[in-house]
Amino acid sequence: MSVPRAKLLQKCVEVIDTFDSKRTTVDAYVEDAPVLKDKSIGKVEHKFIHQVFYGCVRYQKFLKLFVTSFLYKCPAQAMRSEQTLYMVLAYLLFFRLEELGVAEMRQMLNSGYGTATSLFALLKYALDVGELERWVKVEWCKVYDVRYIEEEVIGKLQSHAEELRPVVEEIEFKATGMQASGSSSGAVKEKRGTSPKPFNLTRPKPRLVPEPEVISREVKALPIAPAVHANSLAAVEEQKRQRLEEHKAKVNAKYDSDGFNLETAKRRDGSEVEELARKVDAERMAECTFKPKTKKYAPPSEEAAVRVNAAAILREDALLKQKQAKEYETLKRYEQELHDASEFHRWQEKMKEQDHYDEERRVHQRMVEMQLAREGAIEAFESQVRKKGIMAGIQREEQALEMQVKALEEEKELEQKQQIVKGTQEDREKAREAELREMRARAEKAEALRKEKEAEAERKRREDEQEMERRRDLIRQIRALEKVPVERFKQFDPAEAPCHGLLEEMSHAELKERLQIAQAQHARELEDKKERQLEKKHEKQRELAEKAETLAKIRDRARDESRSRHDAIRQKKQENEDAERRYREQCVEEVAQKIQLKKQKKREEELRLRKELKEISMKRQFLAANAEMVEAKTHAEQHAGLDREAHHRQRDLLLEQRRQNEIKSKEAMLRRGNRQCAQGDIKAMHDAVNDRLKRAKAADAALKEDILRANVTARNSQKMLETRLKEEFGHSSNKYSGMLSRVPRSA
């Protein structure tokens, strides 16, 4: 860059300070900024200033939080006049350090623009993770993501901490004249901490990795379990029924019916005693109830007189004026445009009611479909449960075999883990011995350091005691000097001015006299003000009374209109509820009919399936001896099942397509009806507008014709007048010719 770094930073600061976001944008301001019109600024410098300015505006919240926290933490080193410079340097440190480079950043910090102490404090604060987390990280996380702040902002800057350390030391030397890591006499010696080092332990020998077992990729299908052919749904149901009968027989044999003779059966009926006890308890608890008997509500015969205050009257009067202003605007608009929006609002309300009615029909239709789907799901679930009962026996046998194989694998794995545990325990014993030796050495070093600290503390305590004694001696001397009395007084004269050399000085007596005059004048002004306020109060009360009467009349009229409007709304709501109830009953009847038909179809399907299963079982009994015939029968059953599944799928698809076609046709009819209604309304509106335009054009033509006729008549009359005057006087009757007529003619 040809421009010095200090001047470059100064230009960036001036651009940011003179920018106003309420007047212009970032790009427009960069093109028109007077600061960047300097001819010494090249393309590279202009691009750098543009990017810095754009970045500072983009991360304005982030940078302001950082600079504010820095000024609050370091008020002695930071200067508030350099806030914009701190913002620019913070942007370069957090977001552009990788692109800019540490060398270029070092030149900018050493350019001399800004005080060295504040720059050193800024770098130290930005590179200290603990201070950032304590002062500004929480506020950053309110604006940005926590992960972004920790990894992209703080983490990225900490990755360059080692490269920035020489820069920080150089800035520190300029600011304080010493370095923390230097060898000068004024430098503070850095305390060296304990650096951890790994133990010199014997490394375990690497274990031999066993060769991987060859996994066979051959896939073999398991043979069909014999339980599938030997069992059937009817046989399972028969076994369940037999087990239930056996269980009932065992229970009946265990509990004989003649062995129970209960004494409670011999008691007489105690219903009368219980009824009497219930009545007595009710009478006792009547006094303890929290629901006392209330009288029937009787509406008041007269309306209550509500006394309103001034605020209520003014508020209601303001609302009335607003309504009157709105009505005036509506009438004025109607007078100017010759139409209003009432017809559109009526059409809009009609369309909303139609949409609401269509939405209700759609919801009821969805309810019917959901009910049908629910019944179908229940039936499918029950049939699936019956099918899964047959497959459960086969899966149990397979699971037993898998559990045996898994138990053998777990035993082998346990033996391998036990061997690994023995080797690990031997390695741990060696580590414990090395730890004990290191702990003893550390304890000895700590004891020597503690003794040195105790001696240093004793020396410091003696020095502090001597300093405290010296300060106490100085305090006693100062107090002795303060106790010496000094006579300072002056005789007071109320009639004499203080003579301090000030303007308009006066004596105490003159001050009292002027104060009395000012108080009397203030009392007279107060009386006049009270009288004016009383007059204003009476006038305001009269205005409020007039407004209250007017508002009472308007309120009565509005009450009557509201009652009539509520009656109409209530009647319309009742009609809508009756229509919805009738439609709901119709939908319920349709659902019931559809469910009944669907259940009947399911029963027929189940009967047919049972018949097929019975035929299949009979065929299996006849063909059990021949394996080939059994296999052929199995394939036939599978094909029959596939055919049945394809038939069901095709039937469901046809039903679904038919339902969608019906819905589409209904929607098309509704859209066609709505379109026709809308076209009719628009046509009626067009006819009305054309009629009004024709009448307005006719009135306008008549008006123009009258104006033309009046102009022609005026011109004719003026022409006739001029002709008559010329005949009488020889000239027209204008002002100039009149002056000529008064001049005497020469002989």
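The structure presented is a predicted model; accordingly, all values stated were derived computationally and were not measured.
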Criterion salt bridge (charged side-chain N to carboxylate O under 4.0 Å, His left out) on Glu139 and Lys142, from CA distance to verdict: CA-CA 5 Å; Glu139 299 299 327; Lys142 293 179 181 178; 3.5 Å; yes
Distance, nearest 0.5 Å, that separates [atom1] of [X] from [atom2] of [Y]:
X: Leu119; Y: Met108; atom1: CG; atom2: CE; answer: 13.0 Å
X: Leu93; Y: Leu164; atom1: CG; atom2: CG; answer: 7.0 Å
X: Leu89; Y: Tyr113; atom1: CG; atom2: OH; answer: 10.0 Å
X: Leu414; Y: Glu411; atom1: CG; atom2: CD; answer: 8.5 Å
X: Glu45; Y: Lys11; atom1: CD; atom2: NZ; answer: 11.5 Å
X: Arg479; Y: Leu474; atom1: CZ; atom2: CG; answer: 12.0 Å

For [X] versus [Y], what's the shortest heavy-atom pair and its separation?
X: Thr115; Y: Met79; value: CG2-SD, 3.7 Å
X: Ile313; Y: Lys547; value: CG2-CB, 3.9 Å
X: Val138; Y: Glu133; value: CG2-O, 4.5 Å
X: Gly114; Y: Leu85; value: CA-CD2, 3.8 Å
X: Ser118; Y: Ala78; value: CB-CA, 4.2 Å
X: Ala116; Y: Ile171; value: O-CG2, 3.8 Å

Check whether any side-chain heavy atom of [X] lies under 4.5 Å from a side-chain heavy atom of [Y], and answer yes or no.
X: Glu469; Y: Glu465; result: no
X: Leu314; Y: Leu544; result: yes
X: Val67; Y: Leu71; result: yes
X: Gln51; Y: Arg96; result: yes
X: Phe19; Y: Thr24; result: yes
X: Glu150; Y: Lys137; result: yes
X: Leu97; Y: Leu157; result: yes
X: Phe48; Y: Val44; result: no

Can you confirm whether or not the ring centre of Tyr125 sits under 6.0 Å from the ring centre of Trp135? no
Is [X] atom [atom1] crowded by more than 12 heavy atoms from other residues, nucleotides or ligands, each under 6.0 Å away?
X: Arg450; atom1: CZ; answer: yes
X: Gln107; atom1: CD; answer: yes
X: Lys124; atom1: NZ; answer: no
X: Tyr54; atom1: OH; answer: no
X: Arg80; atom1: CZ; answer: no
X: Tyr72; atom1: OH; answer: no

NZ/NE/NH1/NH2 to OD/OE distance under 4.0 Å, [X] and [Y]:
X: Glu510; Y: Arg514; result: yes
X: Arg470; Y: Glu467; result: yes
X: Arg5; Y: Glu104; result: yes
X: Glu454; Y: Lys451; result: no
X: Glu162; Y: Arg165; result: yes
X: Glu546; Y: Arg542; result: no
X: Lys417; Y: Glu413; result: yes
X: Arg459; Y: Glu463; result: yes
X: Arg532; Y: Asp528; result: no
X: Lys326; Y: Glu329; result: no
X: Arg555; Y: Glu316; result: yes

Run Glu444 and Arg440 through salt bridge (charged side-chain N to carboxylate O under 4.0 Å, His left out) and show every step you take. CA-CA 6 Å; Glu444 292 175 356; Arg440 292 193 193 98; over 6 Å; no
Test side chain to side chain contact (heavy atoms under 4.5 Å, CB included) applied to His46 and Val30, step by step: CA-CA 9 Å; His46 189 279; Val30 170; 3.8 Å; yes
Is the side chain of [X] donor-acceptor paired with the backbone N or O of [Y] at a distance under 3.5 Å, no angle test?
X: Thr68; Y: Leu65; result: no
X: Asn110; Y: Arg106; result: yes
X: Ser159; Y: Lys156; result: yes

Going through the distances and angles, do Glu14 and Gln10 end up as a side chain to side chain contact (heavy atoms under 4.5 Å, CB included)? CA-CA 6 Å; Glu14 290 178 0; Gln10 184 181 2; 3.4 Å; yes
From the options Arg461, Gln466, Arg462, Lys460, select the one residue that forms a side chain to side chain donor-acceptor pair (under 3.5 Å) with Asp464. Lys460
Aromatic plane relationship, Phe94 with Trp140 - under 30° parallel, 30 to 60° tilted, over 60° perpendicular: perpendicular
Once you measure the plane-to-plane angle for Tyr59 and Phe62, does it fall in the parallel (<30°), tilted (30-60°) or perpendicular (>60°) bin? perpendicular
Test side chain to side chain contact (heavy atoms under 4.5 Å, CB included) applied to Lys512 and Leu515, step by step: CA-CA 5 Å; Lys512 283 186 176 181; Leu515 180 61; 5.6 Å; no
Could you tell me if Tyr86 and Glu82 have a donor-acceptor pair between their side chains, going purely by distance under 3.5 Å? yes
Just checking, any donor-acceptor pair under 3.5 angstrom between side chains of Ser21 and Tyr29? no
For the pair Val129 and Gln158, evaluate side chain to side chain contact (heavy atoms under 4.5 Å, CB included) and give the outcome as yes or no after the intermediate values. CA-CA 8 Å; Val129 181; Gln158 290 300 317; 3.3 Å; yes
